[in-house]
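Only a predicted model underlies this, so the values are computations on that prediction, with no experimental measurement involved.
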Amino acid sequence: MHTVGDAAGDPAREPGPVRPYLEDLPLELWDSDDTAESRPAPTRRSRWRAALPVAVALALAGAFVAVLPSLGEPDRAQPAAPVSGDSVPSLASIGDNRLLRSGTELADVRCELPPLRGGQERLHAFYTAELRCLERAWKPALARSGVPFAPVAVNITDDPVTACGELPPADQATGLYCAEDATIYLPRARTLEAFGLTEEAHIATLAHEYGHHVQHLSGILADANRQLNRYPSGSPPDRELGRRVELQANCFAGAFLASASGRGSITDDLGDAAVDDFRNWVDSETHGTSETQRKWAARGFRDGDMGHCNTWYAPSEDVA
């Protein structure tokens, strides 16, 4: 979930439409009362209950960036250093995931999306059509990596019952991915308040949430959970680990957008705009700066190969 930031008043931001920040870190990474007994380490505080700040508005940047910057190639021979100061130890074990080995790319797909509308049925139809397209892109790549596929659902009801517990209040979260019931929750009222009918924002958000589902299927989230249990909630290594999870989901979303852009409903311009939309997410200790968030989405869009989405081998400064 994206923790709500307080950068709306940052004078460096360009003026533009205003929307709340999206909260989207998967609840699988958070301790809840229902899942605490299954944890190998002592239960940690539920951060979305205890530590999320109150939501504020996010000023969207007005200018479209056609040329997207990217991060340099990570040094695969040098994973992040062992525990020292603020660094996160033992990342190599997560980065060695079979999905992240070089050569894994998404299939090219043609997405036929219905017009985006705000009504319950029409909005759900839009998300469902994109989900089917995401499945067609990801399923062959998962199979080539030996990762069993399982579908994910999308729920847009305003007061959903989730296997991960109650949703945080509307002023703290817009949506979330719950691994316990393999469902992406994007309550309609919250989502429309956040994005309006800006097509690229909806497309990018769902692709990012699906990235968390891919992390769950491949075992990356489970490995990240084991690492999270080593650190106090809110500590520097805890925050860095969360950024690596989130930025990888951005990169996965960018890879999907590359596989779909220029075909069907996702035109080249719409694909570019969806990648660029990631810079509209405010700076956050749990997700990185808005520029870093966009860079990882652009990296997936440009390179496609899942090896380029290996945030676990990236130096700390590339996930800041």
Side-chain angles (χ1 to χ4, degrees), residues 2 16-17 19-24 58 60-61 64-66 68 106-138 151-156 174-177 183-188 190-214 246-281 287 290 293-302 304 309:
H2 291 288
R19 78 181 190 213
Y21 190 40
L22 176 70
E23 177 75 8
D24 80 327
L58 165 64
L60 295 183
F64 172 71
V65 179
L68 297 173
L106 302 191
D108 288 343
V109 291
R110 181 183 181 90
C111 299
E112 298 295 350
L113 308 178
L116 177 62
R117 298 290 185 267
Q120 185 84 13
E121 291 185 6
R122 301 291 291 277
L123 182 60
H124 190 268
F126 184 88
Y127 285 152
T128 299
E130 186 183 346
L131 276 184
R132 299 293 82 80
C133 197
L134 281 155
E135 288 177 351
R136 294 199 306 274
W138 276 105
V152 65
V154 61
N155 185 316
I156 68 169
T174 298
L176 58 85
Y177 167 72
T183 300
I184 295 168
Y185 291 93
L186 291 170
R188 175 176 164 272
R190 299 186 189 193
T191 303
L192 293 177
E193 182 181 358
F195 307 136
L197 294 177
T198 304
E199 195 171 19
E200 61 266 24
H202 289 271
I203 289 172
T205 297
L206 191 63
H208 171 95
E209 297 294 351
Y210 197 91
H212 287 315
H213 182 58
V214 171
E246 291 298 329
L247 294 169
Q248 184 170 69
N250 284 14
C251 191
F252 285 173
F256 164 72
L257 291 167
S259 75
S261 291
R263 289 172 287 275
S265 300
I266 302 180
T267 64
D268 286 329
D269 286 345
L270 182 55
D272 287 343
V275 172
D276 195 54
D277 187 73
F278 284 97
R279 74 189 178 104
N280 294 327
W281 298 4
H287 295 73
S290 57
Q293 293 180 63
R294 184 175 68 90
K295 282 181 177 180
W296 279 96
R299 185 189 187 98
F301 188 74
R302 181 199 65 202
C309 290

Inset, instruction - Taking all heavy atoms of Ala274 and all of Ala204, pick out the closest pair and write down the distance. - result: O-CB, 3.5 Å
Legend entry - Distance (rounded to the nearest 0.5 Å) between Glu246 CD and Gln248 CD: 10.5 Å
Inset, instruction - Examine the side chains of Tyr177 and His208 and answer whether a donor and an acceptor come within less than 3.5 Å of each other. - result: no
Inset, instruction - Report the distance from atom CG of Leu197 to atom CZ of Phe195, rounding to the nearest 0.5 Å. - result: 12.0 Å
Inset, instruction - Go through the steps for Leu116 and Leu123 under the test side chain to side chain contact (heavy atoms under 4.5 Å, CB included), then give the verdict. - result: CA-CA 6 Å; Leu116 177 62; Leu123 182 60; 3.6 Å; yes
Legend entry - Whether Tyr127 and His202 hold their rings parallel, tilted or perpendicular, with breakpoints at 30° and 60°: tilted
Legend entry - Salt bridge present between Glu135 and Arg132 (N-O < 4.0 angstrom): yes
Inset, instruction - Identify, with sequence neighbours excluded, every residue that meets ring pair (Phe, Tyr, Trp, His ring centres under 6.0 Å) alongside Phe126. - result: none
Legend entry - From CZ (Arg110) to CD1 (Ile266), nearest 0.5 Å: 11.0 Å
Inset, instruction - Show your reasoning for whether side chain to side chain contact (heavy atoms under 4.5 Å, CB included) applies to Asp272 and Thr267. - result: CA-CA 9 Å; Asp272 287 343; Thr267 64; over 6 Å; no
Legend entry - Minimum heavy-atom distance between Glu209 and Ile184, given as atom pair plus value: CB-CD1, 3.6 Å
Inset, instruction - Rounded to the nearest 0.5 Å, what's the gap from CG on Leu131 to CH2 on Trp138? Could you check? - result: 14.0 Å
Inset, instruction - Considering non-hydrogen atoms only, spot the tightest contact between Leu134 and Leu206 and give its length. - result: CD1-O, 4.2 Å
Inset, instruction - Keeping to residues at least two apart or across chains, list the salt bridge (charged side-chain N to carboxylate O under 4.0 Å, His left out) pairs with something in residues 197-208. - result: none
Inset, instruction - Taking all heavy atoms of Cys309 and all of Phe252, pick out the closest pair and write down the distance. - result: CB-CE2, 3.7 Å
Legend entry - Stepwise side chain to side chain contact (heavy atoms under 4.5 Å, CB included) test for Thr191 and Ile156: CA-CA 9 Å; Thr191 303; Ile156 68 169; over 6 Å; no
Between side-chain atoms of residues 258-265 and protein atoms elsewhere (two or more places apart, or another chain), which donor-acceptor pairs fall under 3.5 Å?
residue, atom, partner, partner atom, Å
Ser259, OG, Phe256, O, 2.7
Ser261, OG, Leu257, O, 2.5
Arg263, NE, Val109, O, 3.2
Arg263, NE, Ser259, O, 3.4
Arg263, NH2, Ser259, O, 2.4
Ser265, OG, Cys111, O, 3.3
Ser265, OG, Leu113, N, 2.8
Ser265, OG, Leu113, O, 3.4

Legend entry - Distance in Å, Ser290 OG paired with Lys295 NZ, rounded so as to fall on 0.5 Å steps: 10.5 Å
Inset, instruction - Test side chain to side chain contact (heavy atoms under 4.5 Å, CB included) on His287 and Leu247 and set out the steps. - result: CA-CA 7 Å; His287 295 73; Leu247 294 169; 5.9 Å; no
Legend entry - Least distance between heavy atoms, Gly119 atom then Arg188 atom: C-NE, 3.8 Å
Inset, instruction - Could you tell me whether the side chain of Asn250 and the main chain of Trp296 form a donor-acceptor pair under 3.5 Å? - result: no
